[in-house]
Protein chains: 2
Amino acid sequence: MKRKITLKQIAKELDVSISTVSKSLRDSPEISEDTRLKVQAFAKLYNYKPNNIALSLKNRKTKTIAIIIPEIVHHFFATVISGIEQVANESGYNVIICLSDESFDKEVINMEMLANGSIDGFIMSLSKETQNKADFHHIIEVINQGMPVVMFDRVTNDILCDKVIIDDNRAAFDAIQNLIDNGFKKIALITTVDYVSVGKLRTEGYLRALRTNDVNVDENLILRIEDIDNCAVPIEKFIAANKPDAVFAVNELFAVTAIKGAKKIGLNVPEDISVIGFTDGIISKYSSPSITTVSQDGIEMGGKAAKMLIQRLESEDEEEEEHYRTEVIETHLVERESTRALKRGSF
Amino acid sequence: MKRKITLKQIAKELDVSISTVSKSLRDSPEISEDTRLKVQAFAKLYNYKPNNIALSLKNRKTKTIAIIIPEIVHHFFATVISGIEQVANESGYNVIICLSDESFDKEVINMEMLANGSIDGFIMSLSKETQNKADFHHIIEVINQGMPVVMFDRVTNDILCDKVIIDDNRAAFDAIQNLIDNGFKKIALITTVDYVSVGKLRTEGYLRALRTNDVNVDENLILRIEDIDNCAVPIEKFIAANKPDAVFAVNELFAVTAIKGAKKIGLNVPEDISVIGFTDGIISKYSSPSITTVSQDGIEMGGKAAKMLIQRLESEDEEEEEHYRTEVIETHLVERESTRALKRGSF
DNA sequence: TTTCAACACGAAAACGTTTGCGCGACCCTT
DNA sequence: AAGGGTCGCGCAAACGTTTTCGTGTTGAAA
């Protein structure tokens with residue numbers, strides 16, 4: 001129950017001043033070797049470690065960065081965190097995590113709470129509600145206070161800051177192009193409602209690929225899921241009604257649910273129907289059949305985001321460059337068992 | 001680029017003292033209504049928020065708790081975090097997350113770094129390496145400094161602190177008992193090496209169930225996986241060699257891999273072989289067939305852990321009770337498609 | 001012996017709060 | 001008019017650091 005020892009206590013114990021203790025521990029040449037060694041020995045004995053809070057207050061730096069994400073029980077976000085944590089730790093930064101639970105209010109509250117000195121910068125992905133409301137005042141506020149923000153995955157053009165994204169539109173385009181090249185004609189799309197930015201972009205990529213190849217867009221072949229938790233029934237009905245020969249799903253969950261639905265109505269994957277998903281996570285890997293998917297490397301994404309943030313934090317003082325960058329992470333198609341006759345893709 | 005405004009700046013601007021500003025904002029009766037309202041208006045205008053770091057230093061409390069877990073790209077740990085975060089936020093606490101990557105050194109470094117004032121308490125699950133070395137000095141150190149620690153899931157008896165666990169032994173016992181009750185004779189076990197505490201306990205439960213039912217323990221029917229990343233081949237060989245009629249796997253990954261392996265050698269699940277897993281995560285739910293599994297509620301576990309920690313933090317000053325508790329979270333069997341003829345369990 | 005540098009250390013400010021206490025001004029009572 | 005009480009506010013300490021600037025002592029040079 002002994003509290004951690006402080007400079008003051010050491011000073012008192014050794015009958016010197018606080019500054020002498022501090023200088024001794026930092027190997028200042030001002031202090032005689034005698035005193036220095038004595039102090040260092042004593043400090044070591046009592047396992048002295050400087051108090052981080054006091055340091056933060058003095059330096060106006062906390063060496064902590066905050067991550068705000070919609071949810072954590074989600075393989076992709078978990079990998080991003082892992083990537084961030086890794087490079088942050090290498091640079092001596094801690095990572096604090098807040099979940100917005102897809103709620104605008106929680107996002108705002110968390111940001112305001114942390115912005116008051118607790119952290120040096122944010123890495124975030126927007127909640128659905130925030131994207132829907134398109135209200136970003138809390139983020140703008142923070143940026144105006146001089147706190148750097150890096151956005152990833154679910155970003156918005158309405159905010160000027162560093163971003164790291166994948167080219168969702170292109171990734172979807174390439175996936176569809178690949179299906180077309182392999183002779184699939186009736187390619188269905190299972191996507192989210194449009195205010196989820198990544199869903200929208202992937203949908204656009206799908207549409208663009210069809211148009212580019214002069215394939216008619218059949219609205220019946222597009223299913224937009226609102227309630228992600230109850231998607232099994234609509235997906236099954238959708239497949240039964242339209243009998244597509246290929247399905248492109250904008251996430252893992254839709255993909256695996258499509259496969260289950262297809263099986264249920266007697267269709268074999270990939271013999272009768274091919275399925276491509278998005279996000280190479282646990283599900284795609286361990287599903288039977290395993291799922292061909294557009295892979296987005298969360299570790300890399302998180303790592304890049306952290307690098308950008310830390311770079312801005314450390315350079316901030318010297319160069320006051322307001323030049324924001326947007327990094328695009330490469331995606332690639334991971335071919336597994338859920339697609340038939342898929343030739344090597346071009347990406 | 002304007003920094004956040006401070007009491008001092010407000011004071012200067014309004015030509016009063018810092019204390020007057022502080023007291024006004026805290027609605028102190030010492031201050032006249034005139035001044036009070038004036039200050040409050042000004043503060044609101046400039047969006048004043050007290051600096052958390054300064055408060056932490058003054059109060060010697062950070063209102064932040066740290067979670068240290070082996071990895072985050074793991075559904076169970078992710079759910080635990082989610083549970084912790086939820087109740088922590090309700091009580092106004094932030095959550096800081098560190099990953100040990102199953103490494104003893106990283107665990108030590110993270111704890112030491114955070115123990116210097118950055119946080120108020122720990123919630124942690126031991127890394128494999130730490131369990132293997134059985135070196136807990138870093139944790140003991142922290143506890144001796146009066147910082148509360150709550151351990152969950154992977155715990156150790158060598159440390160006195162609050163804990164929240166599931167009764168792994170009993171959960172495994174019940175699962176096996178259930179298989180036995182349903183007529184399975186040749187029940188295989190796929191487990192981890194013994195120094196992983198939960199693996200060990202689940203193995204013991206398996207053994208106990210067999211012995212209790214006078215079933216001979218056949219060491220050939222027990223597979224201990226060391227390298228979790230390359231378990232597919234050994235598991236497939238194991239099943240091919242022993243042809244069990246049921247498999248109990250101590251985690252999701254082993255379970256799904258067993259199913260894939262069984263399929264590969266021409267066995268149908270559950271017709272030819274039944275599989276029960278442990279941990280009700282994404283994989284079990286979306287695998288085909290979906291996997292019958294012992295469910296451990298990570299959200300509840302995290303929530304309980306956070307409650308215990310916060311309670312200790314808030315009561316610490318008054319009652320100095322050194323009475324540590326160990327909470328046991330109930331498990332139950334989630335029956336899905338990977339088991340045949342399984343009667344309703346008794347738990 | 002005086003003067004001056006070098007040396008070794010301490011005092012104090014600063015980071016941004018909160019809070020106990022002191023103090024001046026005013027008003028009311030006798 | 002003098003005393004006492006209340007009101008409104010400021011001073012200063014405290015949390016634990018780091019760092020600048022001063023200061024006293026010593027030794028050597030003049």
Side-chain angles (χ1 to χ4, degrees), chain A residues 2-40 42-43 46-64 113 115-120 145-146 317, chain B residues 2-40 42-43 46-64 113 115-120 145-146 317:
Chain A
K2 41 167 187 182
R3 282 229 164 284
K4 287 217 70 124
I5 198 167
T6 67
L7 288 185
K8 193 193 278 192
Q9 292 168 44
I10 299 183
K12 193 173 176 187
E13 213 66 38
L14 261 46
D15 206 36
V16 292
S17 78
I18 295 184
S19 13
T20 303
V21 178
S22 176
K23 286 172 189 165
S24 297
L25 295 177
R26 320 203 110 252
D27 280 327
S28 160
E30 277 187 59
I31 305 298
S32 72
E33 194 175 350
D34 254 21
T35 333
R36 189 159 51 77
L37 293 180
K38 188 178 64 182
V39 171
Q40 289 180 350
F42 190 89
Y46 282 90
N47 192 27
Y48 169 80
K49 297 273 168 57
N51 180 304
N52 282 332
I53 295 291
L55 286 180
S56 296
L57 182 58
K58 181 126 197 40
N59 303 332
R60 280 122 141 250
K61 292 200 178 164
T62 60
K63 279 277 187 178
T64 303
M113 167 158 267
N116 301 319
S118 301
I119 58 150
D120 294 342
Q145 277 167 34
D317 319 298
Chain B
K2 42 170 186 180
R3 281 228 165 284
K4 288 216 69 121
I5 197 166
T6 68
L7 287 187
K8 193 192 277 192
Q9 292 167 44
I10 300 183
K12 193 174 176 186
E13 212 67 39
L14 261 45
D15 206 37
V16 293
S17 78
I18 295 183
S19 17
T20 303
V21 178
S22 176
K23 285 170 186 166
S24 296
L25 294 176
R26 318 202 110 253
D27 280 327
S28 160
E30 276 186 59
I31 306 297
S32 72
E33 196 176 349
D34 255 20
T35 334
R36 189 160 52 75
L37 293 180
K38 189 178 63 180
V39 170
Q40 289 180 350
F42 191 89
Y46 283 89
N47 192 26
Y48 170 80
K49 297 274 169 51
N51 180 304
N52 282 331
I53 295 291
L55 285 181
S56 296
L57 182 59
K58 181 127 197 36
N59 303 333
R60 280 123 141 252
K61 292 199 177 163
T62 61
K63 279 278 187 177
T64 302
M113 166 158 267
N116 301 317
S118 302
I119 59 150
D120 294 342
Q145 276 167 34
D317 319 299

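Here is how names work: the chains are called A, B, and so on, in the same order as the sequence lines, proteins then strands, and each is numbered from 1. Since we're looking at a predicted model, the values are computed, not measured.
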No-H, no-angle donor-acceptor pair, Ser19(B) side chain to dC11(D) base, under 3.5 Å: yes
Ser24(A), Ser22(A), Ser17(A) screened by side chain to side chain donor-acceptor pair (under 3.5 Å) with Thr20(A), the one that passes: Ser17(A)
Looking at every strand, decide which applies to [X] at a 4.0 Å heavy-atom threshold: base, sugar-phosphate, or nothing.
X        : result
Thr6(A)  : sugar-phosphate
Ser32(A) : sugar-phosphate
Thr35(A) : sugar-phosphate
Lys23(A) : base

Of all the choices, [options], which nucleotide is nearest to the side chain of [X] once you look at every atom?
X        : options                   : result
Ser22(A) : dT18(D), dT17(D), dT19(C) : dT18(D)
Val16(B) : dG10(D), dG10(C), dT17(D) : dG10(D)
Ile31(B) : dC21(D), dC9(D), dT18(C)  : dC9(D)
Lys8(A)  : dC15(D), dT17(D), dT17(C) : dC15(D)
Lys58(A) : dC9(C), dC9(D), dG16(D)   : dG16(D)

Starting from [atom2] on [N], measure out to [atom1] on [X] and report it in whole angstrom.
X        : N       : atom1 : atom2 : answer
Glu30(A) : dC21(D) : CD    : C1'   : 10 Å
Gln9(B)  : dC15(C) : CD    : P     : 10 Å
Lys61(B) : dT18(C) : NZ    : P     : 15 Å
Asn52(B) : dG16(C) : CG    : P     : 13 Å
Leu57(B) : dC15(C) : CG    : C1'   : 9 Å
Leu25(B) : dC9(D)  : CG    : P     : 13 Å
Arg60(B) : dT17(D) : CZ    : P     : 11 Å
Asp27(A) : dC9(C)  : CG    : P     : 14 Å

Distance-only polar pair, side chains of Asn116(B) and Lys4(A), donor-acceptor under 3.5 Å: yes
Closest-nucleotide ordering on DNA chain D, the 5'-leading residue of Leu7(A) and Asp15(B): Asp15(B)
Min side-chain heavy-atom separation Gln9(B)-Thr6(B) under 4.5 Å: yes
Pairwise side-chain contact, Leu14(A) with Val39(A), heavy-atom cut-off 4.5 Å (strictly under): yes
Audit row: Ile53(A), Arg60(B), side-chain contact (heavy atoms from CB on, under 4.5 Å) steps and yes/no: CA-CA 9 Å; Ile53(A) 295 291; Arg60(B) 280 123 141 252; over 6 Å; no
